[in-house]
Amino acid sequence: MDVSPILDPLNEAQRAAVTSEDVPALVIAGAGSGKTRVLVHRIAWLCEVHSVSPFSVLAVTFTNKAAAEMRARVESLLKHALGGMWIGTFHGISHRLLRAHWQEAGLKENFQILDSDDQLRLVKRIIQDMGLDDSRWPPKQARGYINARKEEGLRAGQLQHRNDPAARQLVRIYTAYEQECERTASVDFAELLLRSLELLQQNQEILDHYRRKFRHILVDEFQDTNAIQYAWLRTFAGEENPVFAVGDDDQSIYGWRGARIENLHNFERDYRNTQLFRLEQNYRSTNTILSVANALIDNNRERMGKKLWTEGVTGDPVCLYAAFNEQDEARFVAERIRQWVEAGHSRRDDIAVLYRSNAQSRVFEEVFISHSVPYRVYGGLRFFERAEIRDALAYLRLARNPDDDPSFERVVNVPSRGIGQRTMALVRERAVRNRVTLWKAAEEMLQSRSLTTRAAHALERFLQFMSTLEEEIRALVLDAQIDHILRSTGLMSHHGREGSEKAKSRVENLKELVVTARSFDLDNELYKEMLPADAFLVHAALEAGEGQGAIWEDCVQLMTLHAAKGLEFALVFIVGMEEGLFPSDMSKEEPGRLEEERRLCYVGITRAREQLVFTYAESRRRYGADSYYNSPSRFIGELPPELIAEVRPRAMVSTPVRTRSMPGRPGQNSGIGVGDSVVHAKFGRGVVLDCEGAGSNARVQVNFEREGSKWLVLAYANLDKLV
DNA sequence: ATAAAACGATTTTTT
DNA sequence: ATCGTTTTAT
């Protein structure tokens, strides 16, 4: 057996982890240290060298993207298909279990997956049906409560709040929600995990089967697991099967959505004979960038401890630019991008602009357009989350299964066909009272003639239409089914009639849906024994797809710091480095949150291979109001000064154009103008570099001898002019 | 049933 | 400021 393809590309630490004994292993893998490589080679090591059957390997990730990457890399290393190996997300694998054992799990065979949007609609309706005021009981909050409890493994029946009336009400909503899910055979994302966990815990035979089957369990991004995911893993593994977990405590940035960094710490306690490995050699960044990253993260107290190092070059210093405002910040970035490309760096998609919040992307978009910098923004609605796509798929679901209430609700009046809230309220009421689905309730009401002629007519036509639709598409292939739905429901013409840009893109998306359906991979093992339409619907629910269509050009990448995790770029800008923005003001309440913000910054820094640039704006418009004298983020102060090059090119100290501000006469009535020497009570002496605005809005930029240049509002600054 | 007006929220996001 | 949602008016 030639083990060289498996072991040769590895360094010593990686090799130790890959070839470790059959005991629980925890691999603390720093950024850029070859985490995925270790997982992939571990699988290859087991299969090729230890002749482990692919059928006994289970590898779990968080995102479909990570699962797809791992699958591809394992196949390319093994040089053959996975052959029975399970590589998937927590949710994907849970879904697979529930499909296989729907009866034991107490589900119906054709159970539906509720995504968060479906879930919100349902919760909202329940709150209304319970006669509660939804401003006092915001549906989003209730949904958050339900999901948080489920992620702790708790069902409504297990919750008791004797002394807390608000919590008691939430439990009542949770209970009603559970009943509705039961009635409509719906399973939300958290339920996939909870239900499959309970399936294993309550069915000894099934549990034994899977414990005998999956002798080797591997987990990626272990620091992101929440309580139920860890319980799920432990249940799978039992006492006998070793878990191989890879993660990085310094890259835990999802605490706010339930991820428990403690799982990393508890792992060693829960599995006594755990072998611990550390991957600290970095293959991505320059030495300078790593030193900056190490210095920053060193300010966190709760760490397992780790220091990245590299054999690579020292690299350029990290840059810091203090912009006047957010426009100036964006212009500086655009200019640096231009220089970078001119210097011979060919790929613009190897450049990223990272920010704390999505709202920050706007100014960059505006400035990049005016500077002709091609860019691509990540985030926002993904393909299968778009309303028009969901409408179309709801028709498909409803045609496949008339009892699918969420879909019934969604499309009954889209496009409008005269079935309004009044009619639907009556149908819903009957459905709940008689414990039947909306479809059946509607049929009953038509029989019993308990509706006005007009409403009855409209409803009857809808039911008739859906029945006909089902017959018409029955014999068609998937993409033809969808194509037919788009035409016969009028969805396509509904959007086509309107001329707006948004409507045009909706039409394009609907066309794209047909194309997506045509190229949908039906041979996937996950979907065997399922009808194409059902498989496609599962795919849509579990995999929301990309945010934008095809990447047509070599574009600068704009995204949040969170979205950048796992990616790398030659040139990285981390912008908006201001106290209050990053770290966010909202993270100042709980103590642990600040450390998480710092880890987020660490994640951003370690995305950069060659050059890293920080920027912040001394003045910034937020929520419609300007804020001045923003101080640089505390994270800037935590970096080693000798590795930071401050950029303040004199050439750029000229006119910071404010598109929104009035082009007033600078200093008209203040007696202060460009070139004047002034004194400020706090900042001392300085020279006026620039003015803008008029009257009470007038601002001046002053280059202070001690403090450097700042923008001040004349009305508040109390400047004295020196003669 | 549609359109205008008022209201409210506004960190980060996957499944 | 701005976007999405809900209420109110036509």
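Per chain, numbering begins at 1; letters A, B, ... match sequence-line order. Just the heavy atoms: all of them, side chains too, but no hydrogens, waters or symmetry mates, feed the values below.
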Task: Test: Asp248(A) and Lys35(A) ion pair at under 4.0 Å - done: no

**Asked** Taking NZ, NE, NH1 and NH2 as the nitrogens, is one of them in Glu198(A) or Arg155(A) under 4.0 Å from a carboxylate oxygen of the other?
**Response** yes

Sequence neighbours excluded, the answer for side-chain hydrogen bond (donor to acceptor under 3.5 Å, both in side chains) partners of Glu388(A) is Asn509(A)

For the residue pair Gln251(A) and Glu221(A), establish whether any side-chain heavy-atom pair is separated by less than 4.5 Å. no

Check this for me: Arg461(A), atom CZ, are more than 12 non-hydrogen atoms of other residues, nucleotides or ligands nearer than 6.0 Å?
no

Footprint ends on DNA chain B, 5' to 3', for atoms under 4.0 angstrom from a heavy atom of chain A, come out as dA1(B) to dT15(B)

ask   = Is the Phe582(A)-Phe635(A) ring centre distance short of 6.0 angstrom?
value = yes

Decide if atom CZ of Arg303(A) counts as having more than 12 heavy atoms of other residues, nucleotides or ligands within a radius under 6.0 Å. yes

Review point. Heavy atoms under 4.0 Å, any strand shown: does Asn358(A) hit a base, just sugar-phosphate, or nothing?
Key: sugar-phosphate

Item to check | Tyr230(A) and Trp232(A) aromatic centres sub-6.0 Å | outcome: no

May I ask you to say what Asn64(A) touches in the nucleic acid, namely base, sugar-phosphate or nothing, with a heavy-atom cut-off under 4.0 Å?
sugar-phosphate

Exercise. Can you establish whether the number of heavy atoms outside Glu302(A) located under 6.0 Å from its atom CD is more than 12?
Key: no

Distances for protein N or O near nucleotides 5-10 of chain C N or O, under 3.5 Å:
| residue | atom | partner | partner atom | Å |
| --- | --- | --- | --- | --- |
| dT6(C) | OP1 | Lys124(A) | NZ | 3.1 |

Q: Under 4.0 Å between any heavy atoms, over every strand shown, what does Phe62(A) touch: base, sugar-phosphate, or nothing? Just pick one.
A: sugar-phosphate

Exercise. Is the number of heavy atoms from other residues, nucleotides or ligands under 6.0 Å of Glu178(A) CD greater than 12?
Worked result: yes

Counting the benzene-type ring for Trp, do Tyr210(A) and His101(A) have ring centres under 6.0 Å apart? yes

Using the P atom in both, what is the distance from dT5(C) to dT12(B), to the nearest Å? 16 Å

Taking for Tyr254(A) and for Asn413(A) the nucleotide of DNA chain B with the nearest heavy atom, the one nearer the 5' end belongs to Asn413(A)

| query | Base, sugar-phosphate, or nothing: which does Arg417(A) touch, judged by heavy atoms less than 4.0 Å apart? | reply | nothing

Here the residues of residues 110-121 of chain A within 4.0 Å heavy-atom distance, strictly under, of DNA chain B are Ser116(A)

Residue set satisfying side-chain hydrogen bond (donor to acceptor under 3.5 Å, both in side chains) with Thr225(A), at least two apart, ordered chain then number -> Asn263(A)

Tell me whether the side-chain N/O atoms of Arg362(A) come closer than 4.0 Å to OP1 or OP2 in dA1(C).
no

How are the rings of Phe520(A) and Tyr527(A) set to each other: parallel, tilted or perpendicular (split at 30° and 60°)? tilted

Stems field, DNA chain B, Watson-Crick or wobble, 3.5 Å, at least 3 pairs, by first number, holds B:1-10 with C:1-10

* Asked: Taking the C1' atom of each, how far is dT14(B) from dC3(C), in whole Å?
  -> 23 Å

